[in-house]
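Worksheet: one structure, shown below.
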Amino acid sequence: MRDALSNERYDQFSVEEWVKEFWEERNVYRLVKEKASRSAKKLYFLDGPPYTSAPSIHVGTAWNKIIKDVILRYYRMMGFNVWDRPGFDTHGLPIEVMIEKSLGIKEKGEITDRVGIDRFVEECKRFAERNLREQTKRFKELGVFMDWDNPYVTFKDEYIESGWWLFKKAWEKGLLDEDVYVVHWCPRCQTTLADYEVSEYRDLEDPSIYVKFPVKGRKGESLLIWTTTPWTLPANAFVMAHPDLTYVRVRVGGEVLILAKARVEEVMREAGVKEYEILEEMPGRELEGLEYLHPLEDLVDAQRILARYHRVVMAPEAVTPHEGTGLVHSAPGHGDVDFEIGKRLGVPVISLVGDDGRMLPEAGRYAGLYFRTEANEAIIRDLRERGALFHEGRVVHRYPVCWRCKTPLLLRATKQWVIRVSKIRDELIRNAETIEWVPRWAKERFMHLLRNVRDWVISRQRFWGIPLPIWVCERCGYRVVIGSLDELEKLGGRRPRELHRPWVDEVTLRCPKCGGVMRRVPDVADVWFDSGIAFYASLGYPKRRDLWERLKPVDFIVEGHDQIRGWFFSLLRSGVIGFGEAPYRRVLVHGFALDEQGREMHKSLGNYIDFDDLIKRIPRDVVRLWTTSNTVWEDLRFSWREMERMWRDFTVIWNVFTFMSMYMGLDAYDPTRHTLERYAKHLRVEDKWLLSRVNNFLRKYHKAMASLLIHEAARLLREFIINDVSRWYLRLVRRRVWTDEETPDKMAAYATLYYAIRRWLAAAAPFIPFLTEYVYQKLFREAEEGPESVHLLDIPEADITLIDERLEELMGKAREIVEAARAARMKAGLKIRRPVSRIIVATSSPLVRDAARELGELILEEVNAKSIEVLRPEALERVRVYRVEPNYREIGPLYKRDSPKVYELLRERGEEVARALMEKGRFEAEYKGVRVVLEPRHVKVVAEYPEWLSVEEGDDFIVAVDTRVTEEEILEGLAREVVRRIQFMRKEAGLSVTDYIEVWVDCDDEMGRAIGEKEDYIKSETRAIRIHRGEPPSNAYSREWEVDGRRLRIGIVKAGKSPTT
RNA sequence: GGGCCCGUAGCUCAGCCCGGUAGAGCGCCCGGCUGAUAACCGGGUGGUCGGGGGUUCAAAUCCCCCCGGGCCCA
């Protein structure tokens, strides 16, 4: 190994730039694909396509792709032939709205009349294409290895054609149908919105009016209804009441009103009526069939039909005692419950609002008025004039608005194409059972929504989408659903320029029934249709059958939890309609990227993190490791501070590599020659420990990855390199590698370190592909004559023969002992540099005892002590007070209800209990009526100790440091002080690690004696060939120091050559 | 209004499935170390485990209700 790193200033940004170029130049992605393609193990991954509404990407989208990339890289390095075609979702209203804005379009009509559908669609496509390219650039920036040259794109003709195939399937299965539906309608976009598209609400002000509907045949008596949508009154057909609610006849002034009893007080208060009298109470069901007169009947043409139905009907689902009057005005053309009930009663569904939100001619006097403004005003005015208005107020309530253009929506009965998903509900549920979910609760959520599945209104009255492949005969109404381009050509005689509107609309068919002309219905598909077919459409199916048949089913998909109802569902739906089965077998659900306070990130909230900004500030690997460390299905709280913290860990990781580079480089370590096998006999206990740790790490890592718990794998990676390697192993072996000679002891440490780090490197590569690639190229590739890229390596399986659980436990204990001993020293004010003569480990735990014995040398080294004694706890019996702490886990099940009394006893008579247990191993007593028998396992005894022992307690042991210092230790301590200062000066003077020096020390006699006695030690530590007493020569680098209150001067001079002695 | 998830130290989060003396990292304060050191080590500080109730000898953990946040629906 050559030392390629130790002279380099670490900068993760330049590392990443270097690696990006390297990948580009060597075409590393292609090499990786080639290697994978030779494997027989397939893995079909399906990318959930991001929507191409903007060039940049959301932090959440970045996280999403990082998760995917980590998993795909893992599987490639595990020898799978991974299918990794990315996708882009390109159709739909959001893009149409943006193009409308850029072309200055205010109304839908301008698209057909002024701009032209062809130009409009071209603009949409160009826009999507540009964003697709920009997003691709950013995904590549993150180091995502996917097939970026061959993405699937939903606007491509091949893709649309695949979509048509599914329409035909649905048609053949009797699932595709046309029907009247009450849908949310955007009067600006002039299209219907699906339920799930009605996602945005605004607090809007509307009229809140109470209207009197005179009861037929009873003069001066009226039904009182309440509404916030006066514009629906012209379409009123009947009034709904609740059969079990109590209603009253109330006298107000000279007239009588009927309304729910529970609402009287509130309504009268609101209307400012102080005097009223309840005449009669009755249950709602007695109102059934009561006929009324509509106050605007003569002004609205449509009322000529509707008037026949004016009466009270029972509708418990539509009536609440919490608002209104308990009598609900119903217009089946403008409400979903109204629509259902109207259908049940055989009432005609009449909608009086047109596509543009203006009242239709059938609205008579109100024709041409805009529904929520002009029509409302005119209607209220007429009601007032006619004395039909009981009270008029205003209300601010949540009102649905168009998610793209923010225009208030309306409900409206329209003819739409639907897929009758409710018909295949059971089949959906059955097939969903086969899917495996991570985390498991996602499945519950998924099944819940399947049980409540509703029909899917699929038609949109728009332009930029997959055109519905339905042709209808102008003459006889016969319908044909086209499943492919070939079929279209066969029946229509030609192929359109492309499958989008308007070109596809130019193709007309000859009706096979009557010979008439068939034209395509003008609608396009809901954009959710597009991504739902990706599992086969992205493979070109059905035109090309082999890919899907070879790869199916999708092995796994990964998206955010919003997609449980979204994409995960739409894929299943398409799978069941098209193939009768679930198209995927495994799902990983990830969380949302939120801001630091846990709120959604929005440009409007000012908490939006711009992706380009992020990548400029934080290196990609850091972003990758940080995001993947977040529990994957939980929301990610974005934090610059946390990210910067993670960044600091990278310095430590880098330092591990510079350590290797420096020493292994210096000694020309050759992994092909200096193998573990060769130095097996020279492995020290810490080496064996690291070998065990790294394999244990790999075992857990693979287990986590196999369960898609990538955050666990990410944490394991960090933990191993930071804690096990950097903070512990490297500390332990430092002294072993400081020697110049090629000792087997040193080579054993190198072989161990190389083995461990090389394995870690491969396992880390999917997570931090840049740093691992860089280090691999600089340190490992040449040394072991490895493949061209770290990403062409295999991730090794754990070698369980090297796992030694007992050793790991022992080392864990040894670390605890070291920590406790250091804490004890600290308490006594003893610096680490000053040696102590002995430490005592008192324990009854065999594990601690073995740790102290078998790893004693290592412990002594770390705490700078001369000897370690292991004693039983009783041996520290020179002591005073004992406290006893209960072991709840043992006492609880034994004494059950009496446990609290036992705890009390232990508090009061702890000393006595402790003595009895130590002397007899047993304590017996009668306490408050409870017979208490205690053995050592029931309690923990705590003690205090004499002055000269500094004591620190661990979980199951006590470490006592003997603080009495001998002459010898004082001298050694002083020598170490000198060494430390010389080392410091070596660095200051810019000497290389390998340089030799001569040293001059001018100091007092005691210090001089220390230097004399410890001369060899000082020499070997500092690479000094000679140590002189007295003033340093003038050419020396010299400095004044102070140690424990005494002054000394040290000078060093670089020695010409190594000592020949 | 319904379904699911989250709420643990000043901050970010483990622990909860399977009940047994509340943890890590960061921050802050004090001390130390220094031949991988823009590192690292030791100590200290800091918690009504969102709130309330229940089950149990014992609840952060299981059950119920409520509050706050998120996602999806109505």
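Letters A, B, ... are given to chains in the order of the sequence lines, protein chains preceding strands, and every chain is numbered from 1. Since this is a predicted model, take the numbers as computed values, not measurements.
- Taking the C1' atom of each, B:C72 and B:C65 are spaced 23 Å apart, rounded to whole Å.
- The base-pairing partner of B:U61, taking Watson-Crick or G-U wobble contacts with both distances under 3.5 Å, does not exist among the strands shown.
- The P atoms of B:G47 and B:U55 are separated by 30 Å, rounded to the nearest whole Å.
- Between B:A60 and B:G15, the two C1' atoms lie 8 Å apart (nearest whole Å).
- Within 4.0 Å of A:E1021, counting heavy atoms only, lies at least one base atom of the nucleic acid.
- Look at CG on A:D3: it is 12 Å from P on B:A36, rounded to the nearest Å.
- Using N1 to N3 plus N6-O4 or O6-N4 for Watson-Crick, or N1-O2 and O6-N3 for G-U wobble, each under 3.5 Å, B:U34 pairs with nothing.
- Heavy atoms of A:T651 sit nowhere under 4.0 angstrom from any nucleic acid atom.
- A:R981 has a carboxylate O that lies under 4.0 Å from a charged side-chain N of A:E977, or vice versa, which qualifies the two as a salt bridge.
- Ion pairing between a basic and an acidic side chain is recognised when a charged N comes within 4.0 Å of a carboxylate O; A:E904 and A:K901 show no such pairing.
- Regarding A:W456, its CH2 atom lies at a distance of 14 Å from the P atom of B:C73, rounded to whole Å.
- Classification of A:R1023 and A:D995 as a salt-bridged pair fails, no side-chain N sitting under 4.0 Å from a carboxylate O.
- With a cut-off of 3.5 Å on both pairing distances, the Watson-Crick or G-U wobble partner of B:G27 is B:U45.
- Sequence order on RNA chain B of the closest nucleotides to A:M662 and A:A823 puts A:M662 first from the 5' end.
- When the P atom of B:A38 is taken as reference, atom CD of A:E8 falls 15 Å away, rounded to whole Å.
- Side chain A:R565 to base B:C72: no donor-acceptor pair is found below 3.5 Å.
- Rounded to the nearest Å, the gap between the P atom of B:A38 and that of B:G31 is 22 Å.
- Looking at heavy atoms from C-beta onward, A:W1041 lies out of side-chain contact with A:I982 at the 4.5 angstrom threshold.
- Considering only side-chain atoms of A:R980, the nucleotide from B:U12, B:G70, B:U34 that sits closest is B:U34.
- The base of B:A39 lies outside donor-acceptor range of the side chain of A:S726, with no N or O pair under 3.5 Å.
- Closest contact between the side chain of A:R648 and the listed nucleotides B:C72, B:G27, B:C4 involves B:G27.
- Nucleic acid contact for A:R727: sugar-phosphate only, since backbone atoms but no base atoms lie under 4.0 Å from a heavy atom of the residue.
- Under the Watson-Crick or G-U wobble criterion, with both distances below 3.5 Å, B:G7 is paired with B:C67.
- The distance from atom CH2 of A:W437 to atom P of B:G3 is 19 Å, rounded to the nearest whole Å.
- With hydrogens and angles ignored, no donor-acceptor pair under 3.5 angstrom links the side chain of A:R445 to the base of B:C5.
- The closest side-chain donor-acceptor pair between A:R980 and A:T1022, if any, does not fall under 3.5 angstrom.
- Annotation: B:C13 and B:G46 have their P atoms spaced 24 Å apart (nearest Å).
- Within the 4.0 angstrom heavy-atom criterion, base atoms lie near A:T1022.
- Comparing A:S1020 and A:N630, the nucleotide of RNA chain B nearest to each residue sits closer to the 5' end for A:N630.
- Between B:G42, B:U12, B:A36, one nucleotide has an atom nearer to the side chain of A:R637 than all others, and that is B:U12.
- To the nearest angstrom, P of B:A14 lies 15 Å from CD of A:E719.
- Whole-Å rounding puts the A:L730 CG to B:C41 C1' distance at 15 Å.
- If you measure from atom CG of A:L771 to atom C1' of B:A36, you get 14 Å, rounded to the nearest angstrom.
- A:E444 comes within contact range of the sugar-phosphate backbone alone, with a heavy-atom separation under 4.0 Å but no base atom that close.
- If you look at A:Y669 and A:Y663, their ring centroids are not closer than 6.0 Å.
- We find that CG of A:L636 is positioned 14 Å from P of B:C71, with the value rounded to whole Å.
- Residues A:E1021 and A:R976 are not paired through a salt bridge, judged by the lack of any N-O separation under 4.0 Å between the basic side chain and the carboxylate.
- Going from the P atom of B:A14 to that of B:A9 covers 12 Å, rounded to whole Å.
- Salt-bridge formation is detected for the pair A:R735/A:E861: a Lys NZ or Arg NE/NH1/NH2 atom is positioned less than 4.0 Å from an Asp or Glu carboxylate oxygen.
- A donor-acceptor contact under 3.5 Å is not formed by the side chain of A:R715 with the base of B:U12.
- Base engagement by A:R9 is indicated by at least one non-hydrogen atom pair under 4.0 Å involving a base atom.
- With B:C71, B:A36, B:U34 as the choices, the nucleotide that has an atom nearest any side-chain atom of A:K987 turns out to be B:U34.
- Side chain of A:N655, nearest nucleotide from B:C40, B:C11, B:U37: B:U37.
- We find that A:K1054 and A:E998 are not joined by a salt bridge, their nearest charged nitrogen and carboxylate oxygen being 4.0 Å or further apart.
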Listed pairs, N/O of protein and of nucleotides 54-61 of chain B, under 3.5 Å:
residue	atom	partner	partner atom	Å
B:C57	OP2	A:R897	NH2	3.0
B:C57	O4'	A:K896	O	2.8
B:C57	O4'	A:R897	N	2.9
B:C57	O2'	A:K896	O	3.3
B:C57	O2	A:G892	O	3.4

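- Of all nucleotides listed (B:G25, B:A36, B:G42), B:A36 comes nearest to the side chain of A:F659.
- Between A:F592 and A:H561, the ring planes are parallel. Angles under 30° get that label, and only those over 60° would be called perpendicular.
- For A:H448, the listed nucleotide lying nearest its side chain is B:G3; candidates were B:G3, B:C33, B:A74.
- Checked for salt-bridge contact, A:R736 and A:E686 meet the test: a charged N lies under 4.0 Å from a carboxylate O.
- Nucleotides B:C26 and B:C16, compared at atom P, are 23 Å apart to the nearest Å.
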